[in-house]
Chemist: 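Please read through the structure below; I'll follow up with questions.
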Amino acid sequence: MQNNTRMERARNARSRRNKHAGRWVLPALLGLGLAGCAGSTGQPGGDAGYGAAPVVITPQRDWSDAIIYFVILDRFADGDSGNNANVQRRNPGGYHGGDLKGLTSQLDEIADLGATAIWITPVPLQVDFAPIVPGMPETNGQFFEHWGFHGYWAEDFTRMEPHFGTEADLAALVAAAHQRGIKVLLDVVYNHAGYGSQYETDPRFSGWIRKKPVDCAADPLTCQVGGLPDFDTGRDDVRKYLLDANIGLAERTGLDGFRLDTVKHVEHDFWQLHRDQTRTRVSEDFFLLGEVWGGDARVLDEWFENDEMDSGFDFSFSGSCQSWVKGRGRTIAYASYLSKRHRVRDGYHLAHYLSSHDETMALHLLENDIDRFRVCVALQMTTLGIPVIYYGEEVARGGGAWPTNRKDMPWGSRNIKPGAGVARDESLRGYYKNLIALRRSHPALSRGDYEALSTDGDLLVFRRTDPIGGGTVIVAVNRGSEAATATVDLPAGWQDEVVISEVNSSAQPATDANRMEISVPPVQVRIFVAAKR
Ligand SMILES: [Ca+2]
Ligand SMILES: [Ca+2]
């Protein structure tokens, strides 16, 4: 419940402010391009050009400040029609023609968004085989051929899949990304090969694939994930072969790191060896982001404590946000959840996404409620960890459960295959851009500590403060169907500064000497910073 005395005080302060406008609050923007930004309700964002000051967008200093854009190569952009053998654009499980050259030619799309790194799906030669997959509601019950367009079904780890391009194409992508200050992570698989690959049939690899059927619930290390043939990664010859193949590719192409597939299905001592080799053969800074299914700050520590990787996916973030924003659970519980994410081991990072290629699209799970989706985007961009944007999510790409969670990148009116003509939500993209710019200009959002300031009802207000630079950002999120208000103490140092609303900036907060009154319309977000008078 609100503290009426405080509210009165704030209202009085607002009234005083109106009489002495320059002294209390300037309706100013920091020049982050928020002018013309449509808020959730479609209204323009604010009072452009008033008191604008230059803003420094910091480059990614270390991976604490990274923002990753995840691309399924085959579904992003086709830059070479010469490698489009067996392309079936209407088959949800077919190759659609996207490739390394296509991604390289559209890097400005990602640079413009503000991402500091991209993660691309695996590139080794895929098995020339497509299981027939039973029909699903998402495919209108139609059976379809499921090809290795995603790159996770290797036939040969020492060769490139022609659909994606050549090793020179990969090196060119890395060089072009680096020119734009963007790092490149390649997805690599050590656990398994594709169905019926040479590793099962060629006598040179005799004994490399485990033969005994094992249930993953019984033993995740030796089981067949998704029925895929499991490498005996305890063998020295298997280890050397796979490490040479993947790390060798990184050495030759200048990659910045790997996204590691199916981490919990390979032995810890393999990952320790892997870490040593990436450091000695590629770079001390070679970054490792691991997929430990079900990972969160607690679960991932098993891989962080022996430094097997730098970062892991946080599987808890998206569902937690969706639940809270739909009105499930108390706000104080969600605030506590956000706090617990800060228990991640020092020097290691959670990577938090809203959607992925293995999960149902968040916007679909939110029943296409774009306002609630925007709230989760804002929380993603104001929360500790490495935000991971699943390609096209920033333009409201359609799709629900697998396989439609892997649809083509929407390119709207631009003639870029395979997603030419697919509608884009440019307003949502602008919203992402603004939030990303905000995150990159305020390290408090990427690396700052966290304190919940108000958790009454449907309104969550929290503070992020950069322990080194000292900057503070206040985030206020209202999930409810009514406007909500809270009065909070001004953070240290803000008493002599101007409080500025950075998102949906038409509504400035009322402040007095020590407090600010924050009002947030239904299902919206306000983000406040302070600037020198
Ligand atoms: Ca192609
Ligand atoms: Ca295994």
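No hydrogens, no waters, no symmetry mates; every other heavy atom, side chains included, goes into these values. Both ligands and their constituent atoms are indexed starting at 1 by order of listing.
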Chemist: Check whether S318 reaches the backbone of S355 with its side chain - one donor and one acceptor, N or O, closer than 3.5 Å.
Modeler: no

Chemist: Within L221, is some N, O or S atom less than 3.0 Å away from the Ca ion (ligand 2)?
Modeler: yes

Chemist: Closer than 3.5 angstrom, by distance alone: can the side chain of Q198 be matched with the main-chain N or O of E155 as a donor-acceptor pair?
Modeler: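 Yes: the side chain of Q198 pairs with the backbone of E155.
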
Chemist: Hey, which of H96, R397, M361, H357 is the one that makes side-chain contact (heavy atoms from CB on, under 4.5 Å) with R406?
Modeler: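 Exactly one option meets the side-chain contact (heavy atoms from CB on, under 4.5 Å) with R406, and it is H357.
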
Chemist: For the Ca ion (ligand 1), which N, O or S atom of D99 is at the shortest distance?
Modeler: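 Closest N, O or S atom of D99 to the Ca ion (ligand 1): OD2.
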
Chemist: To the nearest 10 degrees, calculate the angle at the Ca ion (ligand 1) involving OD1 of N84 and O of D80.
Modeler: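 The two atoms form an angle at the metal of about 90°.
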
Chemist: Closer than 3.0 Å to the Ca ion (ligand 1), do we get an N, O or S atom from G82, backbone or side chain?
Modeler: no

Chemist: Which atom name would you report as the N, O or S atom of D230 nearest the Ca ion (ligand 2)?
Modeler: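 Of all N, O or S atoms belonging to D230, OD1 is the one nearest the Ca ion (ligand 2).
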
Chemist: Report yes or no: do H364 and N405 form a side-chain donor-acceptor pair below 3.5 Å?
Modeler: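 No, no side-chain donor-acceptor pair sits under 3.5 Å.
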
Chemist: Should the pair F287 and H349 be assigned to parallel (<30°), tilted (30 to 60°) or perpendicular (>60°) ring geometry?
Modeler: tilted

Chemist: Charged N to carboxylate O under 4.0 angstrom, D108 versus R180?
Modeler: yes

Chemist: Which atom, counting only N, O or S, brings D78 closest to the Ca ion (ligand 1)?
Modeler: OD1

Chemist: Suppose you place the vertex at the Ca ion (ligand 2); what is the angle out to N191 OD1 and H265 O, to 10°?
Modeler: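 For OD1 of N191 and O of H265, the angle centred on the Ca ion (ligand 2) reads 80°.
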
Chemist: Rounded to 10°, how big is the angle at the Ca ion (ligand 1) from N83 OD1 to G97 O?
Modeler: 140°

